[in-house]
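These numbers were taken from a predicted model, which means no experiment stands behind them. Numbering of ligands and ligand atoms starts at 1, following listing order.
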Amino acid sequence: MSKVTVRDLCKRFPGTVGADGVSFDIPSGQFLTLLGPSGSGKTTTLMMIAGFLQPDSGVIEVDDSNIAALTPNKRNLGVVFQSYALFPHKTVWENIAFPLKIRKLAPSEIDKRVSRLLELVRLEAFKDRSVTTLSGGQKQRVALARALVFEPPVLLMDEPLGALDRKLREQMQAEIKNLQRSLNVTAIYVTHDQDEALSMSDSIAIMNEGKISQMGSPEALFERPNNRFVAEFLGGINLFPITAIHSEGASHTGKLAIADAPVPCCPPIAGMSEPKWLGVRPERVRIGSPAGGHFDATVMKRTYLGGTMLYELNVADFLLAARVPTDGASPLPEVGSRVSVSWPAQSAWPLA
Ligand SMILES: Nc1ncnc2c1ncn2[C@@H]1O[C@H](COP(=O)(O)OP(=O)(O)O)[C@@H](O)[C@H]1O
Ligand SMILES: [Mg+2]
């Protein structure tokens with residue numbers, strides 16, 4: 001396992017920018033996900049690290065040595081794509097053995113390593129099958145085994161589960177994560193699926209228009225996004241327009257455009273530009289009896305989602321969302337009711 005450093009990676013295409021100053025550090029053995037909408041520069045960044053795309057500028061280091069000038073082969077990194085890119089005329093065993101054969105390992109060593117990987121991805125029984133006879137999940141496990149069999153220090157994956165249905169995708173997420181941990185390989189993973197990123201990553205870099213908008217642990221990004229793009233990309237959020245933040249000692253309040261009394265919130269992050277919004281996740285909004293909270297609202301709509309009830313509430317024509325557990329511990333007011341809205345101070349934070 002190795003640490004990876006990327007500094008100021010840039011790639012322009014005619015009329016558009018692929019990557020615009022991408023920088024990050026990944027400690028040895030950690031799992032970083034590049035998360036962002038389609039066209040945000042995830043694949044461009046990953047392909048430059050893999051060596052399939054030449055950067056205009058920037059530094060790519062694995063364990064402090066710059067690999068930017070090396071051919072993909074010389075970089076020795078494991079790569080898995082959404083399209084499995086397996087050799088269709090070869091068996092499972094031959095596909096996995098291929099990287100070892102081109103590296104001219106001894107047959108006994110090849111046997112040993114392929115057997116170990118077959119066991120890790122649970123495909124021993126399929127080793128002599130042609131890969132064309134496998135299911136999507138099995139093909140992706142062969143692709144993973146092939147990418148890992150030569151013990152690369154870093155594994156790069158570009159939307160590897162994009163072609164699978166949801167249930168299989170969730171199962172494969174867990175398998176990839178277990179494999180990455182047990183082999184202790186440093187991983188860079190690309191996806192546009194926020195749940196996948198939240199569940200698999202040690203750290204997530206959210207990409208927008210070729211730039212990293214914010215990077216941090218899944219918890220930090222979900223609980224403390226520092227800008228509107230990240231807040232909205234990672235799940236539902238209420239963004240209240242604010243006119244001012246007041247601080248008095250350790251207590252902070254925000255003046256919402258929609259309510260008279262200031263509401264409690266977190267302090268603005270040091271050095272952030274003038275906050276324009278107060279962000280509150282629907283999961284953190286509490287609904288109570290009228291006049292008992294920060295302000296009152298009318299229930300416009302409610303939708304039963306199993307574990308939670310999703311509410312749409314109206315305050316002075318501002319629509320806010322609340323998710324209330326359906327466990328019987330919280331009241332579930334009907335459409336048309338007047339309710340109060342509140343939240344714990346630490347669940348509301350200023351955003352730029
Ligand atoms: N080979 C290329 N030629 C021209 N434009 C490209 C090429 N590859 C990517 N782009 C453009 O660069 C931007 C980023 O693309 P990409 O890295 O593939 O995004 P993502 O993987 O996040 O969906 C997009 O606007 C895309 O159209
Ligand atoms: Mg892509």
**Report entry** Sub-4.0 Å atoms of ligand 1 with respect to non-hydrogen atoms of Gly18
**Finding:** 12 (O)

Requested in this report: Step by step, work out the side-chain contact (heavy atoms from CB on, under 4.5 Å) result for Glu175 and Arg141.
Outcome: CA-CA 9 Å; Glu175 282 194 29; Arg141 301 218 297 271; 2.9 Å; yes

Requested in this report: Give me the one residue out of Val131, Asp128, Leu86, Val121 that meets side chain to side chain contact (heavy atoms under 4.5 Å, CB included) with Val92.
Outcome: Val131

Query raised in the report: Of all the atoms in ligand 1, which lie at a distance below 4.0 Å from a heavy atom belonging to Ser38?
Result: 23 (O)

Query - Gly41, any N or O under 3.5 Å of ligand 1 N or O - result: yes

Query raised in the report: Can you check whether a protein heavy atom sits less than 4.0 angstrom from atom 24 (C) of ligand 1?
Result: yes

Requested in this report: Specify the protein heavy atom at minimum distance from atom 27 (O) of ligand 1: its residue, its atom name, and the distance to 0.1 Å.
Outcome: Thr16 CG2, 4.9 Å

Query raised in the report: Which of the atoms in ligand 1, numbered in the order shown and given with their element, are less than 4.0 Å from a heavy-atom of Ser40?
Result: 19 (O), 20 (P), 22 (O)

Query - Identity and separation of the nearest protein heavy atom to atom 15 (O) of ligand 1 - result: Thr44 OG1, 3.7 Å

Query raised in the report: Would you say Ala19 contacts ligand 1, with heavy atoms under 4.0 Å as the rule?
Result: no

**Report entry** ILVMFWY cluster, Ile188 and Leu70 together (side-chain gap under 4.5 Å)
**Finding:** yes

Requested in this report: Answer yes or no: does atom CD of Glu209 have more than 12 heavy-atom neighbours from other residues, nucleotides or ligands under 6.0 Å?
Outcome: no

Requested in this report: Please say whether more than 12 non-hydrogen atoms of neighbouring residues, nucleotides or ligands are located less than 6.0 Å from CZ in Arg7.
Outcome: yes

**Report entry** Qualifying residues under salt bridge (Lys or Arg N to Asp or Glu O under 4.0 Å), relative to Arg169, sequence neighbours excluded
**Finding:** Asp193, Glu196

Report task. For atom 18 (O) of ligand 1, grab the closest protein heavy atom and report residue, atom and distance to one decimal in Å. Result -> Thr43 CB, 3.7 Å

**Report entry** CG (Asn184) with more than 12 external heavy atoms under 6.0 Å
**Finding:** yes

Query raised in the report: If you count the non-hydrogen atoms of other residues, nucleotides and ligands that lie under 6.0 Å from CZ in Arg116, is the total more than 12?
Result: no

Query raised in the report: Number of protein N/O/S atoms less than 2.8 Å from the Mg ion (ligand 2)?
Result: 1

Query raised in the report: Would you call the rings of Phe240 and Phe295 parallel, tilted or perpendicular if under 30° counts as parallel and over 60° as perpendicular?
Result: perpendicular

Query raised in the report: Taking the inter-plane angle between the rings of Phe31 and Tyr189 on a 0 to 90° scale, is it parallel (under 30°), tilted (30 to 60°) or perpendicular (over 60°)?
Result: tilted

Query - Test of proximity, Gly39 against ligand 1: N or O pairs below 3.5 Å - result: yes

Requested in this report: Note the single closest protein heavy atom to atom 3 (N) of ligand 1, along with its residue, its atom name and the distance in Å.
Outcome: Phe13 CD2, 3.5 Å

Query - Polar side-chain atom of Ser130 near backbone of Thr132 as donor-acceptor pair, under 3.5 Å - result: yes

Requested in this report: Would you mind listing which atoms of ligand 1 come within a distance below 4.0 Å of any non-hydrogen atom of Pro37?
Outcome: 22 (O)

Requested in this report: Among all protein heavy atoms, pick the one closest to atom 22 (O) of ligand 1 and tell me residue, atom and distance.
Outcome: Lys42 NZ, 2.8 Å

Report summary line: Rounding to 0.5 Å, atoms NZ (Lys11) and CG (Asp56) come to a distance of 5.0 Å

